[in-house]
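Hydrogens, waters and symmetry mates are skipped; everything else that's a heavy atom, side chains included, is used. All chains are named by letter (A, B, ...) in the order of the sequence lines, taking the proteins before the strands, and each is independently numbered beginning at 1.
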Amino acid sequence: MGALSFVCAALLCLILGFLLYESWSLVADGRWLSFFSQTGWYPLEGLFGMTPMIFASLVLTFGSLVIALPVGLACAIFLEFYAKGWVKKSFQSLLNLLAGIPSVVLGLWGLTELVPLIGQIKAPGTSVLAGAVVLSLMILPTLALTSYAALTSVDRSILAGAQALGLTQKTQILAIAVPAARSGIMSGVLLASARALGETMVVLMVAGNVVQMPSSLFAPVRALTANIALEMAYALGGHRASLYVSGLLLTIIVWILAYLASYLFNKGRTVSHD
Amino acid sequence: MIVAETLAPRLSEDIIESRAPAHIKVNELAIYYGKKLAVNGISLSLHRGKITALIGPSGCGKTSFLTTLNQLSKLNNQVTVTGEIHFDGENLTQNNVDLLSLRRRVGMIFQKPNPFPLSIFKNLDIPLKEHGFKNRAERIEKIENALKAVGLWDEVKDRLNTSALSLSGGQQQRLCIARALVLEPEVLLMDEPCSALDPISSGIVEELISSLRDKYTVVIVTHNLAQAKRISDYTAFFWTQNGAGKLIEFNNTRQLFSGPKDERTAAYISGIKG
Amino acid sequence: MIDRAFSLGIYAIIALVIATFGWIIGDVIIKGISVVSWEFLISEPEDAGRAGGIAPILVSTLYVLIIALVIALPLGISAAIWLAEFSQNQSHTLHVGIILDVLAGVPSIVYGLFGNAFFCIYLGLGYSLLSGGLTLACMILPVFIRTCESGIRSVQSDWRLGGLALGMRRSVVIWKILLPAAQPAIIAGLILSIGRATAETAALLFTSGYVDRMPESIFDSARVLAVHIYDLTMNVTGGDETAYGSALILIVLIILLNTLAQGFIDSWFKRSGHYR
């Protein structure tokens with residue numbers, strides 16, 4: 001049986017090992033550093049400037065959070081303070097259903113419904129905005145349900161105290177309940193951003209895939225993950241290695257986010273026990 | 001339904017000694033959690049067919065001692081035991097004891113009734129199967145006898161296939177006793193078997209325990225001094241000394257309660273301490 | 001007054017969420033249902049998928065899923081049992097737990113990179129259903145193990161002690177008492193895994209590939225439903241209609257598989273006579 005945990009550890013080593021192995025030709029001679037200094041992505045000519053794509057990934061993730069966080073919080077507040085009985089149950093299962101929609105289907109919907117709408121405002125439609133909106137739909141259930149759990153675990157007596165002071169419901173919620181639940185909400189935010197950052201299909205399908213620093217919300221961009229999906233099929237040599245480096249980079253960022261999330265989650269738990 | 005305790009005149013200690021030879025003989029037993037001494041100085045004889053009560057304040061090692069008798073203490077690899085427990089010519093503190101057959105011969109009843117989340121029938125059937133009773137008719141007969149012995153047969157004979165968890169707390173505890181009896185053990189260990197039950201169920205279970213006298217060697221941990229007085233033949237008094245539990249006094253119950261030799265025993269049984 | 005504005009704001013956002021959700025689902029159902037027919041399910045794709053059906057794609061999807069589950073389920077449940085029941089070394093359990101959480105956080109496209117390098121090239125399996133299934137197995141294992149482990153851990157230790165005190169072998173206690181009691185967690189883990197595996201696209205793009213022919217063996221390259229939707233949307237002009245048909249089938253398939261998994265496990269445990 002102990003061999004099984006060995007299998008798990010081996011799997012991690014294998015994954016890391018092969019990512020490193022495949023990207024080694026660029027890491028070993030220090031060429032990977034040029035990913036951040038070179039401006040252009042012309043892999044066939046040996047120019048691997050990844051900065052625009054890293055930036056695009058970050059902007060898309062951030063944008064999706066800007067949209068999804070207030071909406072997610074509103075959903076959580078609705079579930080905790082407004083909805084009762086079957087309304088609450090059905091809204092919860094709606095969120096679960098939304099969480100279950102495959103990202104490729106969200107991408108399909110985004111490309112055929114949302115992108116033409118945005119295109120009417122400013123062509124081509126596939127853009128930072130489209131990517132951020134569809135990503136926000138993808139992470140909304142995570143955000144809403146984790147924030148809801150955080151709100152539910154807020155000590156009831158704090159709220160009773162606020163009520164006894166005659167505070168309005170708005171103040172009770174925004175000034176007392178939400179701040180008391182903030183570490184749980186933050187850990188949800190970090191988990192959601194890790195998902196958004198690691199997501200491939202949505203950004204690949206609706207963000208436009210042009211390698212550039214975006215000049216506006218309507219500019220098409222190419223995220224790091226989309227780049228891997230687009231070029232893996234024909235990449236060779238240093239080009240292929242550069243894709244593995246970007247995979248490694250993504251993984252490390254996502255791990256850091258996940259680590260912070262679990263740190264905050266545990267911190268929130270110990271605080272609430274005080 | 002349950003055989004009432006016969007009010008035979010109590011015999012003097014030495015006569016009991018000769019009639020009821022030691023079934024389990026414990027010699028200078030000490031239990032350590034990690035490096036910390038938990039209980040020490042336990043030397044006593046558990047007499048065949050008699051009920052021995054272990055009394056004393058919480059945390060003085062009564063339950064720890066109980067679990068060394070069926071070696072359930074081995075589950076926690078922090079626990080080390082020194083000294084000797086002689087049971088039928090075997091020293092249980094040695095490492096070569098066959099745990100499965102030992103635990104078949106030494107049954108245990110826990111504080112909280114713990115019937116498996118199975119049917120009433122299967123609760124008794126699975127242990128029987130496990131111990132090699134292949135003939136179904138034989139198992140059915142044993143199960144019926146065990147349920148009759150605990151006075152549960154008439155209450156459950158029409159619903160043997162319903163969940164054991166649907167029984168009341170007192171019925172669940174009697175089922176657990178039946179589950180131990182069905183394996184025809186020689187010794188029964190009971191860890192506060194009545195403390196999680198309501199007064200009426202508690203009374204029924206107590207009567208049941210009394211009825212097991214002569215057929216089984218019973219060791220019962222109890223915080224209820226009146227109960228210890230009512231049902232036990234021998235009483236062992238534990239007390240915490242210098243942060244570790246210690247066996248202070250062991251005698252036949254009547255003598256221990258009427259003329260305690262140690263002042264701590266005297267204080268405890270008169271309700272001054274603990 | 002301010003309070004009322006706040007409440008209205010909340011209700012407006014909820015309405016927006018419901019409307020958007022309705023838009024997405026309605027879109028998939030309305031556009032999908034006009035394409036879906038029995039013919040669609042049992043015929044080969046024609047004209048790069050613009051016409052015809054999705055029979056080979058459905059078959060490939062099921063192949064990949066079955067391979068992934070056949071590998072991941074036994075491995076996952078045994079690893080969970082080991083973590084929850086046998087590992088006496090606390091720090092060891094903690095380390096394995098951290099490794100699993102780290103693995104669960106790896107983006108799926110990175111699993112694709114790994115699968116391509118390890119299964120396709122290093123092990124020489126090439127673009128194939130087997131490579132894809134194995135890659136998915138690696139991807140779903142961490143989450144599956146974690147859910148099962150916490151399920152088994154949360155089973156009352158009273159039952160564990162009760163079984164052992166009756167002189168039952170540890171394996172019997174686990175198999176007949178603890179596992180069935182952990183059933184809800186195992187089902188939840190399984191449903192989560194099936195959902196993730198069936199919907200996965202990025203990890204399969206360059207492990208199982210995108211050949212849309214009927215696979216003849218697990219060593220053939222083949223295209224799963226999610227990849228088919230992606231390909232129709234992005235690379236085939238005029239492929240939207242069949243893409244929506246496939247999307248509808250994908251969602252129905254996930255729901256169907258979840259119901260099946262639930263029913264299968266329910267009946268398996270019912271036979272073992274467990275109650276909740």
Does the side chain of [X] reach to within under 4.5 Å of the side chain of [Y], using non-hydrogen atoms?
{"X": "C:F114", "Y": "A:L16", "value": "no"}
{"X": "A:R240", "Y": "C:N116", "value": "yes"}
{"X": "A:N209", "Y": "C:M234", "value": "yes"}
{"X": "C:I109", "Y": "A:M232", "value": "no"}
{"X": "A:I101", "Y": "C:V28", "value": "no"}
{"X": "C:I14", "Y": "A:Y82", "value": "no"}
{"X": "C:I10", "Y": "A:F81", "value": "no"}

Counting heavy-atom pairs under 4.5 Å to chain C, which of [options] comes out on top?
{"options": "A:L106, A:L248, A:L14", "result": "A:L14"}
{"options": "A:L257, A:L114, A:L98, A:L197", "result": "A:L98"}
{"options": "A:L174, A:L243, A:I252", "result": "A:L174"}
{"options": "A:V105, A:L250, A:L95", "result": "A:V105"}
{"options": "A:Y21, A:F91, A:Y259, A:F78", "result": "A:F78"}
{"options": "A:T112, A:I173, A:T225", "result": "A:T112"}

Checklist entry - About how many Å separate NZ of A:K170 and OG of C:S7, when rounded to the nearest 0.5 Å? => result 10.5 Å
Could you tell me which portion of [X] (side chain, backbone, both or neither) has an atom closer than 4.5 angstrom to a non-hydrogen atom of chain A?
{"X": "C:I98", "result": "neither"}
{"X": "C:F206", "result": "side chain"}
{"X": "C:I25", "result": "side chain"}

Checklist entry - Does a sphere of radius 6.0 Å around CD in A:Q92 hold more than 12 heavy atoms from other residues, nucleotides or ligands, not counting ones at 6.0 Å or beyond? => result yes
Checklist entry - Does atom CZ of C:F21 have more than 12 heavy-atom neighbours from other groups under 6.0 Å away? => result yes
Pick from [options] with the largest number of heavy-atom pairs that fall under 4.5 Å of chain A:
{"options": "C:I254, C:D240, C:D27", "answer": "C:D27"}
{"options": "C:I145, C:I229, C:D101, C:L16", "answer": "C:I229"}
{"options": "C:Y127, C:Y111, C:Y11", "answer": "C:Y11"}
{"options": "C:I13, C:L141, C:L192", "answer": "C:I13"}
{"options": "C:L205, C:I251, C:I24", "answer": "C:I24"}

Next on the checklist: Donor-acceptor check, side chain of A:Y244 to backbone of C:L113, threshold 3.5 angstrom: yes or no?
Outcome noted: yes
Next on the checklist: Quick check: closest heavy atoms across A:M201 and C:A202, and the distance to 0.1 Å?
Outcome noted: SD-N, 3.8 Å
Next on the checklist: Can you tell me which portion of A:V71 sits under 4.5 Å from chain C's heavy atoms? Options are side chain, backbone, both or neither.
Outcome noted: both
Checklist entry - Of the backbone (N, CA, C, O) and the side chain (C-beta and beyond), which part of A:L137 lies under 4.5 Å from a heavy atom of chain C, both, or neither? => result side chain
Next on the checklist: Parallel, tilted or perpendicular: which one describes the rings of C:W23 and A:W109, with boundaries at 30° and 60°?
Outcome noted: perpendicular
